[in-house]
Amino acid sequence: EKRFIRLNAQFHQGDKTYMKLFDAIEKQKVYDEEALKVKFRNEKFINQFGVVKNYLQQFILKQLRSYNSESKASIICQNLLIDIEILYWKGQFVLMKRLIHKAEKIAEKYQLYLVLEELLNWESRLNTAQVKITLENVEEANKKHEAYMERYCHIVEYKKLINQTHFFIKKAEVIRTDEDKKTIEKLLNNKLLKEIPKRASFDEHYNFYMLNGVLNRLVNNQKASGEYREKLLVYMEKHPHMLEENTIRYLSALHNLLMHSLIIKDYDLYEKSLSKLKKLEAKTIREKAAIIESLCLFELGYYNETKQYQKSVDFVTSFFLKQPSLLINQNKEHYYLVHYHAALAYFNLKDFKNALSWVNKVINLTSKMVRVDIRAATNIINILIHYELKNLLLIPYLIKSTLEFLKSHHLQTEFDKKFLLVMLALSKTNDEKEQQKTIAKNLPALEKLDKTSSIVSDIDVVEWLKYKKV
């Protein structure tokens, strides 16, 4: 793309000051406008820096449109629509009709219903301009309008369900209150999730399987969740042209199946799905970033799940840390989780200094866009790390803030509350024998509680306490 931009700049006459700015920006690892102003302080254009920067941006976008004009069916159709309108105003109706038919074939293949509707409007305007309006044309157009809008309206209804589900999951991937339970049950009982509509489009099939997979997991129906996720992948793989058009959606389906395989500990399914992920080809930066993020997340998740902690650390140092920021920092939640898994690996290897370094990165990355259940688990693991490092004076403050966080976000369970109170008692003395007595005194009561309700699923804190008691 950069070479394409430079080549096209050569054909532009006049002042090419904007290319000086382009070359300077390319050499920067991170965009620094102040450094650019210092670099060009003696150039005439410095007084109109904003104008030159804006011109460069518009020039780059224009070249990118040209470079990517054939990259996606949706882009091809949008470009054809522009050509169709230009030809209409130029009165070139014969060529216009050819382009309408060309765009229709592409839009029908990729089920781009809004594009098809727009093409119908241009066909109607063309018939009006050529005085070729017949009853047959009108009736055929009306049938197409109804068919396209029916499919699109169904897709919109699914999008409403997706938006509600995304909003719920972005808060936490756990049911925390009775209100949460009612919300998920209401979504699951929607008629669109009971059966696939007749003459359903690719989008409708995708949304049906995807939503049922996610929502059934939330109500802990792992069997149904897994079946829907596998059916989605099978369905998508029967439509390779749709996968090529939107690789991200296929990646999302793989992502969900990989997550499911780790939850149910089906490592054969995991290996099979991971192999498909590794074979994915990316045409865009966004696709490449999504593939790299998922690969990092699931490689680390698998190694930690199977207690191959050294492999986790090796993967972090040999692969993750060598990736450009642009490829690993697009999805904040995935970026957060990779750091979380790295901290877990170092903790289990008893390298608590490195564990603290990675967990601090997680805490510093804290964003309201990151799920509260992840942030809560991170807070508890942070307490364990500080305990191992003998930073006992800090622990009471960490426990107080963690309890407040759990309570305010409806995540506090009896098990986590009891465990944190045990940690509070342990922090009051440096004497190992006294700490062992505290554990022995509190462990029986803690073991009676449901440890599966804990927000921390990656460390068995009961076993950790037993180890400390010896």
Checklist entry - Within a strict 4.5 Å, meaning less than it, do heavy atoms of the Leu192 and Phe208 side chains meet? => result no
Checklist entry - For the rings on Tyr303 and His341, is their centre-to-centre separation under 6.0 Å? => result no
Checklist entry - How many angstroms lie between atom CG of Leu406 and atom NE2 of His410, to the nearest 0.5 angstrom? => result 12.0 Å
Next on the checklist: Looking at Asn163, I want to see if its CG is surrounded by more than 12 non-hydrogen atoms of other residues, nucleotides or ligands under 6.0 Å.
Outcome noted: yes
Item to check | Any donor-acceptor N/O pair, Thr317 side chain to Val313 backbone, under 3.5 Å | outcome: yes
Next on the checklist: Rounded to the nearest 0.5 Å, what separates atom CG in Leu81 from atom CG in Leu114?
Outcome noted: 11.0 Å
Item to check | Heavy-atom donor-acceptor pair, Tyr346 side chain to Leu356 backbone, under 3.5 Å | outcome: no
Checklist entry - Under 3.5 Å, is there a donor-acceptor pair between the Asp203 and Tyr113 side chains? => result no
Item to check | OG on Ser261 to CG on Leu274, rounded to 0.5 Å | outcome: 9.0 Å
Item to check | Approximate separation, where rounding is to 0.5 Å, of Thr402 OG1 and Leu411 CG | outcome: 11.5 Å
Checklist entry - Does Asn382 reach the main-chain N or O of Thr378 with its side chain, forming a donor-acceptor pair under 3.5 Å? => result no
Checklist entry - Do Ser201 and Glu204 have side-chain N/O donor and acceptor atoms under 3.5 Å apart? => result yes
Next on the checklist: salt bridge (charged side-chain N to carboxylate O under 4.0 Å, His left out), that's the test. Do Lys276 and Glu237 meet it? Break it down for me.
Outcome noted: CA-CA 11 Å; Lys276 291 181 179 181; Glu237 287 170 353; 2.9 Å; yes
Next on the checklist: Regarding Glu140 and Lys144, does a basic nitrogen lie under 4.0 Å from an acidic carboxylate oxygen?
Outcome noted: yes
Item to check | Euclidean distance, Tyr148 OH relative to Leu116 CG, rounded to 0.5 Å | outcome: 4.5 Å
Checklist entry - Which residues satisfy the ring-ring contact (aromatic ring centres under 6.0 Å, His included) test with Phe320, sequence neighbours excluded? => result His339
Checklist entry - Does a donor on one side chain sit under 3.5 Å from an acceptor on the other, for Asp450 and Ser453? => result no
Checklist entry - Partners of Glu299 by salt bridge (charged side-chain N to carboxylate O under 4.0 Å, His left out), sequence neighbours excluded? => result Lys278
Next on the checklist: Between the side chains of Glu33 and Lys53, is the shortest nitrogen-to-carboxylate-oxygen separation below 4.0 Å, so that they form an ion pair?
Outcome noted: yes
Next on the checklist: I'd like to check Asn121 versus His145 (side-chain heavy atoms, cut-off strictly below 4.5 Å). Are they in contact?
Outcome noted: yes
Checklist entry - Are any of the side-chain heavy atoms of Tyr336 and Ile374 separated by less than 4.5 Å? => result yes
Checklist entry - With distance as the sole criterion, is a donor-acceptor pair present between the side chains of Glu179 and Thr177 under 3.5 Å? => result no
Next on the checklist: Would you say that Trp358 contacts Phe347 through its side chain, given a criterion of any heavy-atom pair below 4.5 Å between the two side chains?
Outcome noted: no
Checklist outcome for this item: For Lys223, the salt bridge (charged side-chain N to carboxylate O under 4.0 Å, His left out) test, sequence neighbours excluded, returns Glu227
Item to check | Proximity of Phe40 and Phe49 rings by center, below 6.0 Å | outcome: no
Next on the checklist: Are the side chains of Lys20 and Glu43 in contact, using a 4.5 Å heavy-atom criterion?
Outcome noted: yes
Next on the checklist: What I'd like to find out is whether the side chain of Leu161 reaches to under 4.5 Å of the side chain of Glu157, using heavy atoms alone.
Outcome noted: no
Checklist entry - Are the aromatic ring centres of Tyr302 and Tyr267 under 6.0 angstrom apart? => result yes
Checklist outcome for this item: OH (Tyr270) and CG (Leu277) are apart, to the nearest 0.5 Å, by 8.5 Å
Return all side-chain donor-acceptor pairs below 3.5 angstrom for residues 98-109, not counting sequence neighbours, or 'none' if the list is empty.
none

Checklist entry - Do the ring planes of His409 and Phe405 sit parallel (below 30°), tilted (30 to 60°) or perpendicular (above 60°)? => result tilted
Checklist entry - Okay, side chain of Asn207, backbone of Lys159: is any donor-acceptor separation there less than 3.5 Å? => result no
Item to check | Test side-chain hydrogen bond (donor to acceptor under 3.5 Å, both in side chains) applied to Asp180 and Thr183, step by step | outcome: CA-CA 5 Å; Asp180 284 349; Thr183 298; 5.2 Å; no
Item to check | Pair Ser454, Asp416: side-chain N/O donor-acceptor within cut-off below 3.5 Å | outcome: yes
Next on the checklist: Quick test of your reading: applying salt bridge (charged side-chain N to carboxylate O under 4.0 Å, His left out), list the pairs with at least one residue in residues 69-92, sequence neighbours left out, ordered by first then second residue.
Outcome noted: Lys72-Glu287
Item to check | Sidechain-backbone polar pair: Arg217 side chain, Ser225 backbone, donor-acceptor under 3.5 Å | outcome: no
Next on the checklist: Going by ring-ring contact (aromatic ring centres under 6.0 Å, His included), name the residues that satisfy it together with Tyr235, two or more places apart in sequence or in a different chain.
Outcome noted: Phe202, His205, His239
